[in-house]
2 protein chains.
Amino acid sequence: MASPTPIAPAQKITTESLRGSLGFLLRVAQLRSFGHFFAVLGDEEVRPGEATVLDLIRENPGIRQGMVSKTLKIKRAQMSKMIREMEREGLVARAVPEDDRRAIELRLTKEGEAMIAGITARFPEIERRTQAALTPAEGAELRRLLIKLNGLDKTKGEDSDDPDDER
Amino acid sequence: MASPTPIAPAQKITTESLRGSLGFLLRVAQLRSFGHFFAVLGDEEVRPGEATVLDLIRENPGIRQGMVSKTLKIKRAQMSKMIREMEREGLVARAVPEDDRRAIELRLTKEGEAMIAGITARFPEIERRTQAALTPAEGAELRRLLIKLNGLDKTKGEDSDDPDDER
DNA sequence: TGTTATTTGTTTCCTAGTAGACAAAATAAA
DNA sequence: TTTATTTTGTCTACTAGGAAACAAATAACA
């Protein structure tokens, strides 16, 4: 319950440079979106990262673990842990392809399918809450700008200035 | 150095739902902005969060630790650790105000002033790199949308639907 | 006044995520 | 072929951050 009379802040502070900092704005926005995720799906035993991974595997059955890593910008070490845990939980099946015995192909189990189906069904609600403060047009524009900012609009092969780009 | 001929991805994958996910887009954008921070300030022994804290204290000498927490959405536990470490490093001075002996007022030391001055001087370069893919107008619009999304435009006292809002 | 609630910062324990080294497999180069 | 080089996933620390319990101080209240 929100206080009927919100407590007045004890201090007046200036946040000049904060609003100018894209990094800060992005961090806060991401914190909020995580918060909305847990507000809607807190009862499910899945974290945001796992949900994204499951969804990507659903869309691309047989996708290789490394490709999931690169696509979602999740470090390989972390990916390894996550996948093994989800395998243990019976959500994901791992298979070594014959043409490359280093790699691992990922597919969802029945349980995984059911799990991600129940989750993605509530994605729209999360999105709705996340951008509740924006008009629909603004929400769409925000997405477009973020996609462009992230270089996800380039089809492929472009030179990236991504500092996290590990090749 | 970027490969002259970028390696073709081993698999064609679809990322339908990824582009629709504001959470994912925000996470990637934030990762990139962190990457640019370290690309520009990697030699400094300061992390993004610490830089933001120092900058906020510089703007608001005597600000209370809890207010820094709330403003920057950093949990109190983490804040406590961070401040104590920066005090140990001689960047920040802590003082207990007479009117409330629970609280702690924060100020920068000479060293802290010098440190943050050197850092903020390079903030524009970080920002420039972060939004390099956008036109100036788009960069400004992105900021505006994020500020609105985060509810930072409301002057105060509004009812927030922020799930991370801890009162 | 005493008594209960709330605020403020800290501490302890735990988890998510990272860096770096590693082994196995595949590829390139000799 | 043999020998390097690269890729792929894993493992072992290590670090940042979060949750919950806590003590001290303050505020609210009977």
Side-chain angles (χ1 to χ4, degrees), chain A residues 1 3 5 7-11 27-28 30-31 34-35 37-38 42 45-53 63-88 92 94-106 163-164 166-167, chain B residues 3 5-11 27-28 30-31 34-35 37-38 42 45-53 63-88 92 94-106 163-164 166-167:
Chain A
M1 253 11 82
S3 325
T5 315
I7 299 90
Q11 291 183 305
R27 173 169 160 276
V28 172
Q30 207 220 325
L31 280 179
F34 267 48
F37 180 95
F38 287 112
E45 49 191 13
V46 174
R47 282 172 282 279
E50 292 170 337
T52 315
V53 168
I63 189 174
R64 292 190 182 179
Q65 192 167 308
M67 183 61 62
V68 178
S69 259
K70 279 178 198 158
T71 306
L72 302 183
K73 311 283 187 186
I74 295 173
K75 293 286 179 299
R76 283 176 307 163
Q78 173 65 8
M79 198 71 233
S80 183
K81 286 186 221 170
M82 199 187 291
I83 292 294
R84 294 180 88 84
E85 187 196 338
M86 293 200 292
E87 183 191 34
R88 194 176 51 69
V92 167
R94 307 190 310 151
V96 176
E98 295 192 352
D99 62 316
D100 189 342
R101 309 221 319 277
R102 294 168 305 181
I104 289 186
E105 293 179 348
L106 301 174
D164 287 331
E166 38 170 350
R167 3 184 198 203
Chain B
S3 324
T5 317
I7 297 89
Q11 292 182 304
R27 174 169 159 276
V28 172
Q30 207 221 325
L31 281 179
F34 267 49
F37 180 95
F38 287 112
E45 49 192 13
V46 175
R47 280 172 283 280
E50 293 170 337
T52 316
V53 168
I63 189 175
R64 292 191 181 179
Q65 193 166 309
M67 183 60 63
V68 178
S69 258
K70 280 179 198 158
T71 306
L72 302 183
K73 311 284 188 187
I74 295 172
K75 293 286 179 298
R76 282 176 308 162
Q78 174 63 10
M79 198 70 233
S80 183
K81 289 183 217 170
M82 198 187 293
I83 293 295
R84 294 181 88 84
E85 188 197 338
M86 293 200 293
E87 182 191 34
R88 193 177 50 72
V92 167
R94 308 190 308 151
V96 175
E98 295 192 351
D99 61 318
D100 187 344
R101 309 220 320 276
R102 295 168 302 181
I104 290 187
E105 291 179 347
L106 302 174
D164 287 330
E166 40 169 350
R167 5 186 197 202

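The chains referred to below are lettered A, B, ... by the order of the sequence lines, with proteins before strands, and numbering in each begins at 1.
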What heavy-atom pair brings Lys73(B) and Val28(A) nearest, and what distance separates the two atoms?
CG-CG2, 4.2 Å
pair Arg94(A)-Arg84(A): side-chain heavy atoms closer than 4.5 Å:
yes
In this structure, how many angstroms lie between the C1' atom of dT7(C) and the CE atom of Met67(B), rounded?
12 Å
Quick one, give me the B/S/- string for nucleotides 10-19 of chain C, reading 5' to 3', where B means a protein heavy atom under 4.0 Å from the base and S means that only happens at the primed atoms, P, OP1 or OP2.
BB----SBBB
From CG of Asp100(B) across to C1' of dA24(D) the rounded distance in Å is 11 Å
For the pair made of CZ in Arg102(B) and P in dA25(D), what is the distance, rounded to whole Å?
10 Å
Does Glu105(A) form a side-chain contact (heavy atoms from CB on, under 4.5 Å) with Val96(A)? I'd like the steps, not just the answer.
CA-CA 6 Å; Glu105(A) 293 179 348; Val96(A) 176; over 6 Å; no
Mind listing the closest non-hydrogen atom pair of Ala103(B) and Pro97(B) along with its distance?
O-CD, 3.4 Å
Whole Å only: how far is the CG atom of Asp99(A) from the C1' atom of dT7(D)?
14 Å
Sidechain-backbone polar pair: Gln78(A) side chain, Lys75(A) backbone, donor-acceptor under 3.5 Å:
no
Let me know the distance between NZ of Lys70(A) and C1' of dG9(D), rounded to the nearest Å.
12 Å
In sequence, state the C-alpha distance, the side-chain angles, and the governing distance for Leu72(B) and Met79(B), and then conclude on side-chain contact (heavy atoms from CB on, under 4.5 Å).
CA-CA 10 Å; Leu72(B) 302 183; Met79(B) 198 70 233; 5.7 Å; no
Closest approach of Met67(B) and Thr71(B), non-hydrogen atoms and distance?
O-OG1, 2.6 Å
What's the angle between the local helix axes at either end of the helix from dT1(C)-dA30(D) to dA30(C)-dT1(D), using five pairs per end and rounding to 10 degrees?
20°
Is Thr52(B) close to Arg27(A) at the side-chain level, that is, under 4.5 Å between some pair of heavy atoms?
no
